[in-house]
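Here's the structure we're looking at; comments come further down.
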Amino acid sequence: MKIIIIGDGKVGYSLAENLSKENHDVTIIDKNSEALKKAEENLDVMCIRGNGVSTKILMMAGVQDTDLLIAVTESDEMNMVCCLTAKKLGVGHTIARIRDPEYASELSLLKRELGLNMVINPEQAAGSEIARLIKFPPATNVEIFAKGRVEMVEINVTNDMAISNMQLKNIANRFSSSVLIGAVQRGDDIIIPDGEFTVREGDTIYIFGQSAKVFDFCRRIGIHVQKIKNVMIMGGGRIAYYLAKYLDEMNIHVKIIEIDHERCRELTELLPHALIICGDGSDETLLKSENFSEMGAFVAVTGRDEDNIIAALLAKQFGIGKVIAKINRMNHSDIIKSMGIDNVVSPKLITTNYILRFVRGLQNAMGNHVNALYRIVEDKAEAIELTAGNSSKYIDIPLKNLNVKKGILIAAIVRKNEIIIPNGNDVIKPGDNVILITKDYKITDLENIIDVVKKHELWNDF
């Protein structure tokens with residue numbers, strides 16, 4: 001696909017990097033020559049210096065032959081105008097990053113009036129992800145599929161868990177067959193396990209199932225899940241605003257510490273149920289006076305990675321059970337986690353994943369729709385949800401006869417209101433949402449999961 005990205009900031013660069021790796025023809029437009037120089041030197045992309053609103057610049061980038069334009073500049077208004085202009089010039093699909101909370105209630109109207117195919121709000125998406133982590137404290141990550149009906153929960157295995165040193169087939173028999181351990185990280189390796197695989201202490205496991213079933217499974221294997229009742233948020237930006245709204249819906253008490261007086265006044269009006277404290281969140285005396293150690297969770301979402309990390313480490317030192325830090329530079333995320341911080345969240349990475357999911361859906365000529373896409377274990381594997389079409393290659397064929405490629409696992413099938421953790425006798429039907437774990441493949445269509453070579457070999461055996 002031919003893709004134009006307007007804006008070469010953190011998100012624009014990350015998108016260009018990932019899309020070019022997937023063999024798309026990517027062009028970046030930005031007014032900043034230094035940013036473009038970095039992209040030109042490190043990525044296999046074309047760079048054009050100029051204003052993305054300019055018809056002349058867009059024509060120079062080949063807008064008339066472009067499949068997708070993505071506008072991710074710092075200005076919401078510029079992103080909308082870029083997409084509107086591109087539509088008028090013949091672009092098939094447009095995506096705009098729109099971050100201002102004032103637009104949040106008008107997104108459906110904006111999409112319709114501007115002809116936008118997708119709107120992404122990184123701060124709102126980050127707030128939603130943090131809320132899920134707070135809802136299930138033992139998890140190091142929680143992702144949702146099938147509009148929230150299926151969860152992928154990431155858990156670190158400790159020696160006191162009942163599943164330590166057990167084979168997967170025995171875990172299913174003893175604890176639950178209604179959840180699936182779909183992937184395991186052991187050291188630097190990612191494993192798509194079979195029934196003979198033995199879980200070890202230090203493994204990170206990815207559990208798939210309905211929220212209540214995953215919760216019950218974790219409780220039965222010895223993970224104590226205690227509901228968080230109060231949360232302290234350091235930083236009063238957009239992520240804090242959206243997160244506080246989500247937590248209020250979950251009946252969780254919120255304290256926000258923000259250093260800017262004017263922003264504190266705004267938050268007081270916007271969030272009537274939250275306690276807004278004007279002060280420096282890194283001030284230990286202030287934290288103690290606000291009963292810091294009694295918080296169920298602490299979330300650091302200021303604009304500075306260093307401040308977030310230091311505050312998060314302080315929270316762990318005070319014994320707070322769930323500590324989450326927002327970071328922009330994800331290249332050091334493993335080191336940060338090794339310090340004892342429970343979770344790190346990156347709006348840039350969340351935005352990239354959302355847009356990659358959309359692009360995969362556009363790529364697919366067969367009509368399977370990519371509903372969700374999450375990269376796990378530093379991009380070594382993916383969890384992806386697709387809607388099944390009418391292909392005779394996989395419809396109504398027992399999974400044991402499908403000859404699925406090695407490194408791909410069918411983790412769940414969602415059929416209307418039914419959640420199926422599949423066995424070999426289950427089949428895929430048209431309209432099913434199918435959740436896959438893939439290790440070595442970029443899947444855009446369910447037909448891609450079939451090992452054609454293996455099928456031919458089996459056929460030749462007769």
Side-chain angles (χ1 to χ4, degrees), residues 1-30 32 35-50 52 57-58 60-74 79 82-83 86-87 89-98 116-122 125 328-331 346-365 368-386 438-445 448:
M1 285 175 59
K2 181 172 173 54
I3 300 172
I4 293 175
I5 299 171
I6 300 176
D8 193 22
K10 295 185 181 75
V11 172
Y13 185 90
S14 177
L15 281 170
E17 181 179 31
N18 284 278
L19 291 170
S20 62
K21 282 180 182 175
E22 296 193 10
N23 299 315
H24 295 288
D25 179 4
V26 178
T27 300
I28 303 175
I29 299 174
D30 198 287
N32 187 328
L36 291 177
K37 183 180 178 183
K38 179 187 174 187
E40 212 159 30
E41 290 175 352
N42 296 295
L43 306 178
D44 183 18
V45 298
M46 178 180 173
C47 296
I48 296 176
R49 184 172 177 273
I57 294 295
L58 289 172
M60 190 187 302
V63 68
Q64 63 274 23
D65 302 316
T66 295
D67 301 294
L68 173 65
L69 181 136
I70 307 169
V72 286
T73 73
E74 290 299 312
N79 292 339
C82 287
C83 289
K87 276 284 187 180
L89 294 174
V91 166
H93 300 85
T94 56
I95 298 174
R97 179 173 69 174
I98 300 178
L116 299 169
N117 297 94
M118 180 183 177
V119 172
I120 178 69
N121 184 328
N328 293 311
R329 296 188 294 276
M330 285 301 290
N331 48 326
S346 167
K348 176 187 77 174
L349 190 59
I350 293 168
T351 303
T352 301
N353 284 341
Y354 269 74
I355 295 174
L356 283 177
R357 176 182 74 195
F358 181 86
V359 172
R360 294 271 186 93
L362 285 183
Q363 273 182 277
N364 184 10
N368 293 163
H369 183 58
V370 179
N371 302 313
L373 169 67
Y374 301 105
R375 275 110 39 99
I376 56 179
V377 198
E378 297 180 340
D379 299 350
K380 293 178 184 175
E382 290 182 346
I384 187 167
E385 176 192 344
L386 300 106
T438 73
K439 182 180 177 183
D440 301 308
Y441 306 94
K442 304 294 184 186
I443 301 296
T444 59
D445 190 303
N448 300 154

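Basis for what follows: all heavy atoms, side chains included, without hydrogens, waters or symmetry-related copies. For reference, positions follow the sequence shown, starting with 1.
- Looking at heavy atoms from C-beta onward, Met60 lies in side-chain contact with Ile57 at the 4.5 angstrom threshold.
- The shortest distance between side-chain heavy atoms of Leu19 and Leu356 falls below 4.5 Å.
- Once rounded to the nearest 0.5 Å, the distance linking OG1 of Thr73 with CG of Asn79 reads 3.5 Å.
- For Asp30 (side chain) and Asp8 (main-chain N/O), a donor-acceptor pair under 3.5 Å exists by modelled atom type.
- Considering CD of Glu40 and CD1 of Ile28, their distance stands at 9.0 Å, rounded to 0.5 Å.
- Heavy-atom neighbours of Asp44 CG from other residues, nucleotides or ligands within 6.0 Å: at or below the threshold of 12.
- Here the side chains of Val72 and Ile5 are in contact, with some heavy-atom distance below 4.5 Å.
- Using a 4.5 Å heavy-atom cutoff, the side chains of Ile120 and Val11 are not in contact.
- Asn121 CG to Tyr354 OH: the interatomic distance, rounded to the nearest 0.5 Å, is 10.0 Å.
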For Leu58 and Leu69: C-alpha separation, side-chain torsions, deciding distance, then whether side-chain contact (heavy atoms from CB on, under 4.5 Å) applies. CA-CA 10 Å; Leu58 289 172; Leu69 181 136; 3.9 Å; yes

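- Remark: side-chain polar atoms of Asn117 are not paired, donor with acceptor, to backbone N or O of Ile95 under 3.5 angstrom.
- The distance from atom NZ of Lys37 to atom CG of Asn42, rounded to the nearest 0.5 Å, is 11.0 Å.
- Ile350 approaches Ala125 most closely through the heavy-atom pair CG2-CB, 3.5 Å.
- With rounding to the nearest 0.5 Å, the separation of CD1 in Ile6 from CD1 in Ile29 is 5.0 Å.
- Between the Asp65 side chain and the Gly62 main chain, no donor and acceptor come within less than 3.5 Å of each other.
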Quick one: do Asp445 and Leu386 satisfy side-chain contact (heavy atoms from CB on, under 4.5 Å)? Show the steps, please. CA-CA 7 Å; Asp445 190 303; Leu386 300 106; 5.5 Å; no

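- Of the candidates Val26, Thr352, Val359, Asn18 forms a side chain to side chain contact (heavy atoms under 4.5 Å, CB included) with just one, namely Thr352.
- Interatomic distance, NZ of Lys439 versus CD of Glu382, reported as 14.0 Å (0.5 Å rounding).
- A donor-acceptor pair is defined here as one N or O able to donate and one able to accept, closer than 3.5 Å; no such pair exists between the side chain of Lys2 and the backbone of Leu68.
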